[in-house]
Amino acid sequence: MRLKISLQKEPKHSELVSCVCWTSPEEVYSAADDHQILKWNLNLNESSKFVTLPDGVYPTSLLWTPKDAGSGKKVGSDTFVLTSTDGKIHYISKSGRLEKSIEAHKGAILCGSWSHNGEDFATAGEDGQVKIWSKQRMLRSTLVQNSAPIYSLAWAPDSKQLVFTNGKQLILKAQQAGSKPFMWKGHDGLILVLQWNAINDLILSGGEDCKYKIWNSYGVIMYSSAAYDYPITSLAWNPSGELFVVGSFSSLRLCDRSGWSYALEKPNTGSIFCLAWSTDGTQVSGACGIGQVIIGHLVDRRLEWKNFVITVVSSNQIDVHNVLDDVKEKLDFRDRIIKISFSFGYLVVATASQGHIYSTKNWNTPIIFDLKDGCVSLIVQAEKYFLLADGANLSILSYDGRVLSPIKFPGLKSELLTQVTVSLSNDTLAVRSKNDEKVIHLFEVSTGKPVGDGKPICHKLEVVEIALDQCGHANERRLAIVDRNRDLYLTTVRLFGHTRTFLKLGSMVQSLSWNDSCNMLATLSDDRFLIYYYPNAIYVDKDLLPEVIEEKDTSEYGKNPQILQFLGNQVVMRRSEGSLVSSSIKPYPMLLHGYVNGGKWEEAVRLCRFVKEDKIWACLAGMAAYAKELPTAEVAYAALKKADKIQYIARIKDIPIKEARKAEMALFCGNIQDAEAILLQAGLIFRAVILNVKMFNWERSLELAVKHKTHVDTVLAYRQKYLQNFNKTETNKKFLQYMETMEVEWEQVQAKIAKEYQQEKERSPAVTSSRMK
């Protein structure tokens, strides 16, 4: 990936250009010390004079008022806010009229910034003050009063706090009155510029020590660059939060969010004093010291899927390369390419006005559909459907271009969604809320309605990453959650009569990815590369979980690698310096998943006997137990030498009624509520009562016995025996009440139980068929 740079033959400004801003993906405004604000039309590749500023006004920042900050006709999306060296804030309409000027600071205003929600405007300057202004142009508060000039500031993603420079230090300050500032040393020289991204919550800073650095919101450094030849004079986050650009003297660098550099351009521009991305994130503009305005187009974006390589070679052309037969295709588009996604055999391309869907089987005739806003910020693909975030709209589409369902919920901000906060499968969409990061909304893909009772998932801590498994039935869909502590949990998407549980799979998880064709999970956890061959084992038999995990050496991956995709038997990772590394896993787990999903249990057993590995046997044991396939589960546990499990399964096999066997297997897997539900649905009241007695759920067993008017004496008898064994007296009022009115004799109870078991044998299909013979 790189930036394709374009410059004018002759500078259009006669003095230093101090600031630039975008109003649309095709329109840029620049302000310079020659008192001119120029309007640039990128389609026509021409510029025109927008307004001439008064002689004493030297601009320091030019900002387009956010759309949602509009209030009335004058203050809104048709207004520019310009700060200048005379200490004033100037409001300029899009028609070029100077609407109002406000005395804001003593001395020059060095920086200004709109909050992410568009409600507040912050300024700072040579007087060391930070002031907050409302969108109605009124002073809200003076947040800070320092003795040193403040060269740059930035808003937090929640728009409730600010970070600003103080010499070599960075200071974090909340808007609440009386809140204490948090300060840390940022650079060895004067800090000149900084930005705080709303999506990834990372702070980017640059200074006179010729370095740029990345920080998290707690002031912990995530990356520090090498010292370059000249001070860092400008930088800007891409709207997606995945990239940023760094400007210096005749230098423009494109970087990944983790810090490493994609490309370095050295145009003859002098120092670049301001950088700004277009709203669609495909172009960047820069204000240069020699009067030039530099425009960079994002090209050479590259995606890989199996044997195909996709490369965006220009703003409206894509190259497709099939590496198996060396066949190449060229895909041309009438509009600028904004977003691309390639997975599950489909390439989805979003341009400025249309969406294009290509199949790997046919590159000649794409399916084309119109976009509402033409500013796609996110594409997430699943096997049958894909999600499209187009402006304020969030929609699920099929690969024939048909919209299945729009997605709406309170607080939806589609422009803030990312690949790690949204996950899509063939039946479910999961979206982490931005308003409350502990909440995950779940939707049915086919209808767009919330899953089940409509209640979202609420985790105990803030969620940083979510991922849905891609295979299996909708009722068995699992959601992997990584929280703020980097702990990995697994939970069921659809609940049936029981409370939600979060089962912990691992800790210190940096990155994860589900397999595309079977429910295996790859994670990078505390410098370990782990493959969960059957993560569902945690729902079946927790003792099996350590035995279904494969750990691989991570020495070749370096520090802090990230998993990009898990396709078949290949896991693709990106190392911290940007290079791609592929790792292979054994093919047997995937084959085993295929056999089990197809109901081929005999073939699955033969595969395990051929491989002769405990991890494969453990996977089969968990799969068979979950599917209640008793003979296969018995064979698998025997291979693992689990005598206690074999004995329990053998006892289950002797139960004559099918529903009772299913209930016992559910109990074997730890699902007590499911086991009871199976028994009650089948009319096996006695077994449901005994189940709760064995689990010491005394009140529930008595409740069932009283409700169905049967075996109340059985419950009381077992309760008395339990108390006698532990030398305790009855204190439960319900049991005392029934014991006073009912005489219990252990011999009669045993006879009653024996009769129930005899009736079950007579009801069983095997006994009935033998009698008929």
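Residue numbers start at 1 and run along the sequence shown.
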Main-chain N/O of Glu462 paired with Arg432 side-chain donor or acceptor, under 3.5 Å
no
Would you find a donor on one side and an acceptor on the other, under 3.5 Å apart, between the side chain of Asp469 and the backbone of Arg478?
yes
Look at atom CE of Met1 and say whether more than 12 heavy atoms of other residues, nucleotides or ligands are closer to it than 6.0 Å.
yes
Counting only heavy atoms from other residues, nucleotides and ligands, does the tally under 6.0 Å from CD of Gln647 exceed 12?
no
Tyr534, Tyr532, Tyr533 screened by side chain to side chain contact (heavy atoms under 4.5 Å, CB included) with Leu521, the one that passes
Tyr532
Does Lys628 NZ have over 12 foreign heavy atoms under 6.0 Å away?
yes
So do Glu415 and Pro239 actually touch side chain to side chain, heavy atoms under 4.5 Å?
no
Atom pair CG/NZ of Leu162 and Lys173 - distance to nearest 0.5 Å:
9.5 Å
Any chance you could lay out the side chain to side chain contact (heavy atoms under 4.5 Å, CB included) test for Leu202 and Tyr223, step after step, and finish with the verdict?
CA-CA 11 Å; Leu202 294 175; Tyr223 179 84; over 6 Å; no
Side chains of Asn569 and Ser584 in contact at under 4.5 Å (non-hydrogen atoms):
no
If you count heavy atoms of other groups shown closer than 6.0 angstrom to CD of Glu699, is the number above 12?
no
Which pair of heavy atoms, one from Thr523 and one from Phe529, lies closest together, and at what distance?
O-CD1, 3.5 Å
Quick check: do Met695 and Arg700 have side-chain heavy atoms less than 4.5 Å from each other?
no
Whether Tyr399 and Tyr346 hold their rings parallel, tilted or perpendicular, with breakpoints at 30° and 60°:
parallel
Below 6.0 angstrom between ring centroids: does that apply to Tyr212 and Phe244?
yes
Would you say Lys384 has more than 12 foreign heavy atoms packed within less than 6.0 Å of its NZ?
no
I'd like to know whether Gln419 forms a side chain to side chain contact (heavy atoms under 4.5 Å, CB included) with Glu242, so could you lay out the CA-CA distance, the side-chain angles of the two residues, the decisive distance to 0.1 Å, and finally the verdict.
CA-CA 10 Å; Gln419 294 283 351; Glu242 294 299 321; over 6 Å; no
Mind checking the NZ-OG1 spacing from Lys434 to Thr421? Nearest 0.5 Å is all I need.
7.5 Å
I would like to know whether Glu629 and Val596 meet side chain to side chain contact (heavy atoms under 4.5 Å, CB included); could you show each step before the answer?
CA-CA 10 Å; Glu629 184 68 25; Val596 170; over 6 Å; no
Which distance, rounded to the nearest 0.5 Å, do you find between the CD1 of Ile549 and the CD of Glu547?
10.0 Å
Per salt bridge (charged side-chain N to carboxylate O under 4.0 Å, His left out), Glu304 is matched among Lys306, Arg301, Arg302 by Arg302
